[in-house]
Every structure is written in C-alpha cells, then in structure tokens.
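For reference, the structure discussed in these notes is given below.
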2 protein chains.
Amino acid sequence: MEAEIITIGDELLIGQVVDTNSAWIAHKLNLIGIKIHRIISISDKKEEIIKALDESGKRVDLIILTGGLGPTKDDITKNTLCEYFNTKLIVSEIVIDDIRSFLEKRNVDFNNSNKRQAEVPENCKVIRNYNGTAPGMWFSSGNKTFISLPGVPYEMKSMMDNEVIQRLKASFPSNHIIHKTIYTQGIAESILSEKLAEWEEGLPDKGIKLAYLPQPGIVRLRLSTEGEDLNSLKKLIENEILSLNQIIPDYIFGYDNEKLEEIIGNLLKKHSGTVSVAESCTGGNIARLITSVPGCSDYFKGSAVAYSNEIKVNILNVSRDVLVNHGAVSKEVVEEMARSAMKIFDTDFSVATSGVAGPSGGTKEKPVGSVWIAVSSKKSTISEFFSFGDDRERNITRASVTALNMLRKMIIKSI
Amino acid sequence: MEAEIITIGDELLIGQVVDTNSAWIAHKLNLIGIKIHRIISISDKKEEIIKALDESGKRVDLIILTGGLGPTKDDITKNTLCEYFNTKLIVSEIVIDDIRSFLEKRNVDFNNSNKRQAEVPENCKVIRNYNGTAPGMWFSSGNKTFISLPGVPYEMKSMMDNEVIQRLKASFPSNHIIHKTIYTQGIAESILSEKLAEWEEGLPDKGIKLAYLPQPGIVRLRLSTEGEDLNSLKKLIENEILSLNQIIPDYIFGYDNEKLEEIIGNLLKKHSGTVSVAESCTGGNIARLITSVPGCSDYFKGSAVAYSNEIKVNILNVSRDVLVNHGAVSKEVVEEMARSAMKIFDTDFSVATSGVAGPSGGTKEKPVGSVWIAVSSKKSTISEFFSFGDDRERNITRASVTALNMLRKMIIKSI
C-alpha cells in the first residue's frame, strides 16, 4: 500500500519551520508496510489544500495531512475538509471534554477559540488528542482514507502512536518492508564506497537496495528489501551485515536508530562504569548528548565546561606551565583535562576536548577546525588530533561524535 | 516570481532523513522576492523525477532540485536530467580541477567514482562546489530555469550563497516580500491569541497576514506583507511591532532569526559582562546553546554540569544539609548552585537548573517536569519553579529556554 503526506502551512514554504513531521510519519508507516510515494508541503490556502488532496487521492489510497489545526485564526484546514467532503461542522462532545480536561490540568480557562476547536466535520471519526486542544480527524471516502492531524509534532506523534497506527494496521495489512541502517564513523564516504564496491555489486541480484547517507562525522549505510516472509527478509539482511563486519570492522559502531550516546550508556550500565567529561571547544555538547539518554544518571556524573584558560587551571587543575608551553589546543592539555575530570568527578572513564571551533581564534599553526580529543580509563589515557573544517556548528558536532566514538572504543577495550 | 523545490531521495520517504534543505532554500529565495509554491519530496527513481519536473515546470518558472548527486552508486539525478533535456554527459575540466583540489587538501586520492562526478549534462552551466565533489547544474529551458544541487546541506548552502542567489537576483528582479517574526516566551498560544484578538482583527485590511508558530517554550508570531515599495512595507510592519510591544511587553524577547543565546551574547558583550552556568537537569544544554554563538569566549567562562548530589556538593559547594533537608530539586539548592557558579567561575552573572527531566525520577511531590531555575547577578539571586510536562526532550528544551530568558531579564535589570 502507498501513502502520501501533505504538510500544510505557510511557515514551511517561507522556510521558517523545518518539516520534521513527514520523516517521523514516514518512518512509522514504513514499519507497518506502508510506503510513502511523495511528501508535499503546501500553503494554508483553501484552493491549494483541495488541489493537493485531489492529486494525492489519484495517486495513492492513504493521505495523511498535518498542520492547520491550531487554536488561532490562521488555521483553515478544518473548513476546507468540510468543503472537500461536502459536509458541515458539528460540535463534538468528546472533544469538548478532552479540551476541558487538558486545560484544567494546566489551570487555563476554556475560551471561545477552544470552543471552535471542538467542532469537526460531520462525516469524520475523531482522533483524540490528549496533549493539545486540536482533535485529529479520520475520513473514509470510497476506497481512500484521509487522516488530518495537528502540526505540533508532540501532539501529532502521540496521536499516531496511540490510535492511528493501530487502526491503519487493522485496516490495511501489507507486504513487509525491511530497512537496516549501519552507522560508520571515521571514514569518508568516497573511501567507504571504494572499499565496499565489490560487495555492493552483488546486492541488486539479491533484491537489496543500498544507500549512503552522510552526516557530520558519520556515514550511514542503509540496506532495504521487501517481501512477504518477514523471517527470510531478516535473514537476508543479517547475512549482509556479517559480510560488512568483515570488510569494515573498525568503522561500524551501531545499527538502526541506535545513537552513540545510547550505545555508550548501555555499555556503562552493563559493566557498572561511570563517565565524566571535560569540554572546551564542544562547549557542553558532549554532556548534552550523554544526558539526552533517559536513565543516564546511573553512569554520568558531570561535566566541566572550561571555556577559558583560568577555568582549565582552577577547576580542571591543568598546570599553568603546560598551558603556556603547549597552548590550550594541545595533546598535553587535553590529556590533563581528561585525567583531571576522572579524578574530580571520581569516574571510571572520561573524555575531553580542546580545539578551535571557529570562526575566529585560528592561527597559522592551529587553524580553525584543529581539535585535540583525549579519553581516559583507570589504566590509560589516549589522545588524537583532528583537522575538521571551517564551519563552527559542524566542527562542534564532528568533535562531539568523534569523542563519543573514542570513548566507546576505550570502554570496550577496558572491559 | 514563484518557485518549487524538489528534494530527491528514498531516505526522505522512508523517514530516515529530515529534509532541512527545503526550509533553508525557501528562506533564502524569499529574501530575494521569490515565493515557494510547493515543496515536494520524491524517490530517486527516474520516472518519479521526470514526473515531478514536468508538473512543477507547469506550475512555476523556477525549479530547484536537491539530492541524488553524491559519489556513490545510489545517485541517479544527473542521468535523469540528461534524458529530460535530451542531451548527453560530458566531462567538465573545471569540475575535474575542483574535485582534485578538494581531495588534495584532505589527502584523499582521486578515484574512479570521483571521475564520474566530473561529468555533467552538455547543456548545463556548472555551479562550482568548493566543499564537496558533486557539481551543481543550472539549466535554462524556454522561460523555465532548473537548478540541481547536491543534497548534503553544507555543500548545497555554500553553493546557494556563493553563486545561485546572486545569479537569480540578476535574472529575476521581483516584488518585495517582508516577513517579521516576533518571539515570545512564557505565555501559552491560546492565551496569547485571546490577548491579541482585537489587534489581529485589523491586520487583513492593512494587507498583513499573521501566523502563530509554537515551539517548546516559545511562541513565535509572524507578520507577512508584500508590495513594490520596500520602505513603506517596512514602515507598515514596524507600526504593528510598536502596537504589539504595548499589548504584550513582558513576553517579547526578540525578532526574526535572533536567538535567545545571541541576544544574551550581545548584551554581555556590550556591557562587558560575563556569565557561567550550573546545570543539573539541563545536562549541558544551556552551555551548548551559549557556546553555539561565535565569539562567546568573550563572555562565557564555563559550566559545571553536576548530575549527581556528590558533584553538587564537591564542585558546586552546595551544603549537604541543604541537599538533605530540601532535596536536589528545590529553591535552596538551585540558588546555591547559581551563587556558587558565579564564585567559582568568577563571573558577573550565572544561571542554574535543577529538576526532574524524566521519564523516571519523579515523585508524588516532585513529578516529572518539575524544574527550579535560578539566576544570579552581583546584587541578587532570584529563582522560580516550573511544571513542564512528561517528555524528557521537551523538558530539557523548555527548561533551557526559560533559564536563558530569565538570564536575559536579569542582565537587562542589572545594567
């Protein structure tokens, strides 16, 4: 079965808001065997919405809309759907109750704009929204299904998870689609593709599709296949993963939606290890990544973000001599930072960064993008130098990802 | 003039990658008076690309494609464009030189897949890529313009900035479109819309469009208008900004692409102030936001991410009695954290957070989402309690944004 996603809102077309809903919805639909044919972003004008509904309805059987359902006056989707399905708005008592109880919890009064939100087209089934005031709507029209959801990601996601996915699964049993993503770190896309060329040649005959997906510091490989028997599909992909692990064992760090920080968290939890961070150029980003993982307080003690030399001396006990002789961006300083973090935070491991994120602060010897990274365990400290690039944001991301991967390797080596 | 953006790649349709390119391109085109009519994401199949080119070419005069131009074999766009324009691939010597010098800088050898990248359709003008190996292409066909760019955001962006925007401006002088975004913090969308209802009524008659755009912790208001005379458009919008500042003076913190962390940076630079952070539940995110701003080393000294009670005691000198008597998530602890950060890092201001980000760690008294935030200056420390929600990521974001806004207000009060 194929679907299209239509996201509605001028904010998307003027570039004020990035459409993150479509990717999220596409991923969820894929998991239940529904393929996305197109994603379309349009303005919140009635005629544009109707045109897009017509066109998508000709191409596919399932159309999911997001956006244009908020409490404010710039929302037009609901009225347009009424016109499209030739029906009228009626007040839904269920929605009134849901909105009231949502607002009560937040000590907010029920007002006129909320009242308008409780109106829905007469021919739809309401999809309940427990995280906001705009209800979702499910329309069946001939053999086509149209689903309209609010554009606020948080609300849309829980409505998909709580209700829409289950109903779709029941209504449209499908072929299986399997994707497996392999994460590599520390190797450029073009070198990776040369290393994998021979293996790649054999994939199409097995019905497997390969894609390369680079992002700062990481290249992802995605294998995709489709068929009726889930187990044989899984086995097919597993065999290719085994081959890949023989060709590029040093570069693979994880699979599918595993994040480096989650892999590290699981390793530390399993072996009751703890970790701390000392950050200069990454400015708190490594700590943020580690603490984005629920339950991280089991293994993460803390981070010292030491942005000035004084703080490196006063808080991280880096010796003033070493700082003067070697400079802040040096093997000596970053290793002292790592060792010191372990001591201060009393942890089994630590990771430290010192570099020039840019755009200013570069010198001829240490241009923008120069970064030293160190990792420590109770047994040893190792460090490495990297030349990233010119872009501040990318440098911070690449340094953080590289540091986390060095930490991962150090943990594995130590246990 | 109207344009459409077509982003190509199965990774978009299976939800593996969020399309951030379209929003960025849309914003840039808007600035030179080009409106985006639709954004379309399609798979990297020849027939889909040709269909999308045909359809967009019927609706608008400018079509921008991104994606499908990497060094690996999953890239099909270039061959499809050849077929679409009924031409053949030729080797571009300029592109060969660009790729060679790009690879040389990175100590990577020129290989066969790079050679294929130097081929372009005979009828296009090359758009040079100094940050990668895939060239861009500019096609003129009748009165339609088609521009194809690589999908890697970093490469696409610099090609747009260095070459495409200038050429578009010269080729298509346009009407002016003005957007002004007003950022508010600390007020819910539905309450805001009630407060603004009367003012909002008057906007359509003046040719102004208003949109509400909520994100965690922030509600943005966007005013849009269009016309020939740039100055009168600007004046029109400025008048509405003055009105808004009278209706909701306490909630507005910035405009357009200003970020809270940049506003704080500018305030501190202007008044030679310095700041430090003590973070518990925000886990480094406040430091990361502050250090995302170039030049922040002028005013940011550092942050102590104290994730455990021991660290709050040992590094931030929070007294053990206060921790035991009041708990880590308390007014007393967060105020001590803030005062202590100011002392340790020797700064003029500081901000501190302590809360339950979730999903675990909540109690009946302090459920998930409970957060204390304190800000300190040399003169005073103030703190406030917030009940955010159930979602870890949103709680971290809302706590960070709220903390930065409290810091902004404290700095303004103190100078």
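Letters A, B, ... mirror the listed sequences (proteins, then strands); counts begin at 1.
- Both the backbone and the side chain of B:Leu13 have a heavy atom closer than 4.5 Å to some heavy atom of chain A.
- Only the backbone of B:Val293 comes within less than 4.5 Å of a heavy atom of chain A; no side-chain atom from C-beta onward does.
- The side-chain heavy atoms of A:Asp391 and B:Lys157, taken from C-beta on, include no pair separated by under 4.5 Å.
- A:Ala26 and B:Leu12 get closest at one heavy-atom pair: CB-O, 4.4 Å.
- The side-chain hydrogen bond (donor to acceptor under 3.5 Å, both in side chains) with A:Gln16 is formed by just one residue from the set B:Thr181, B:Asp256, B:Asn257; it is B:Thr181.
- We find that A:Glu55 and B:Arg38 are joined by a salt bridge, their nearest charged nitrogen and carboxylate oxygen being less than 4.0 Å apart.
- Taking each heavy atom of A:Gly283 and B:Thr291 in turn, the nearest pair found is O-OG1, 3.0 Å.
- Of the residues considered (B:Lys209, B:Gln215, B:Glu4), B:Lys209 shows the highest number of contacts with chain A, using heavy-atom pairs under 4.5 Å.
- Looking at A:Ile40, both its backbone and its side chain come within 4.5 Å of chain B, counting heavy atoms on both sides.
- Proximity to chain A (any heavy atom under 4.5 Å) is restricted, for B:Pro214, to the side chain, taken from C-beta onward.
- Counting heavy atoms from C-beta outward, B:Phe345 and A:Ile315 have side chains that approach closer than 4.5 Å.
- Contacts with chain A were tallied for B:Ala287, B:Gly358, B:Ser303, B:Gly361; B:Ser303 has the most, counting heavy-atom pairs under 4.5 Å.
- Distance check, rounded to the nearest 0.5 Å: CD1 of B:Ile311 to CG of A:Asp346 gives 7.5 Å.
- Within the 4.5 Å cutoff, the side chain of A:Trp24 has no heavy atoms near those of the B:Val18 side chain.
- For the set B:Ser297, B:Ala304, B:Ser276, the entry with the most heavy-atom pairs within less than 4.5 Å of chain A is B:Ser297.
- Across A:Ser308, A:Gly284, A:Cys281, the residue that shares the most heavy-atom pairs under 4.5 angstrom with chain B is A:Gly284.
- Looking at B:Glu310, only its side chain comes within 4.5 Å of chain A, counting heavy atoms on both sides.
- Scored by the ring-ring contact (aromatic ring centres under 6.0 Å, His included) test, A:Tyr299 finds no partners at all (sequence neighbours excluded).
- Distance check, rounded to the nearest 0.5 Å: OH of A:Tyr130 to CG of B:Asp390 gives 14.5 Å.
- Contact of B:Ile14 with chain A is made through backbone and side chain together, with heavy-atom distances under 4.5 Å.
- Annotation: maximal heavy-atom pairing with chain A below 4.5 Å, among B:Gly302, B:Ala306, B:Pro359, B:Ala23, occurs at B:Ala23.
- Ion pairing of A:Lys35 with B:Asp10 is absent here, as no side-chain N (NZ or NE/NH1/NH2) approaches a carboxylate O to less than 4.0 Å.
- Classification of A:Glu11 and B:Arg220 as a salt-bridged pair fails, no side-chain N sitting under 4.0 Å from a carboxylate O.
- The parts of B:Ala52 that come within reach of chain A are both its backbone and its side chain, each placing non-hydrogen atoms under 4.5 angstrom from that chain.
- One distance of note links CG of B:Asn111 with CD of A:Glu194; it measures 3.5 Å at 0.5 Å rounding.
- Heavy-atom pairs under 4.5 Å with chain B peak, among A:Glu48, A:His37, A:Lys301, A:His27, at A:Lys301.
- Evaluated for a side chain to side chain contact (heavy atoms under 4.5 Å, CB included) with A:Ser41, the options B:Ile36, B:Ile39, B:Asp19 yield exactly one hit, B:Ile39.
- With a threshold of 4.5 angstrom between heavy atoms, A:Ile5 does not approach chain B through any atom at all.
- Between chain B and the options A:Leu29, A:Asn285, A:Ile396, A:Ile191, heavy-atom pairs under 4.5 Å are most frequent for A:Asn285.
- Both the backbone and the side chain of B:Val17 come within less than 4.5 Å of a heavy atom of chain A.
- Remark: the B:Ser292 side chain and the A:Glu393 side chain contain no N/O donor-acceptor pair separated by less than 3.5 Å.
- Contact annotation for B:Lys28: neither backbone nor side-chain heavy atoms come within less than 4.5 Å of a heavy atom of chain A.
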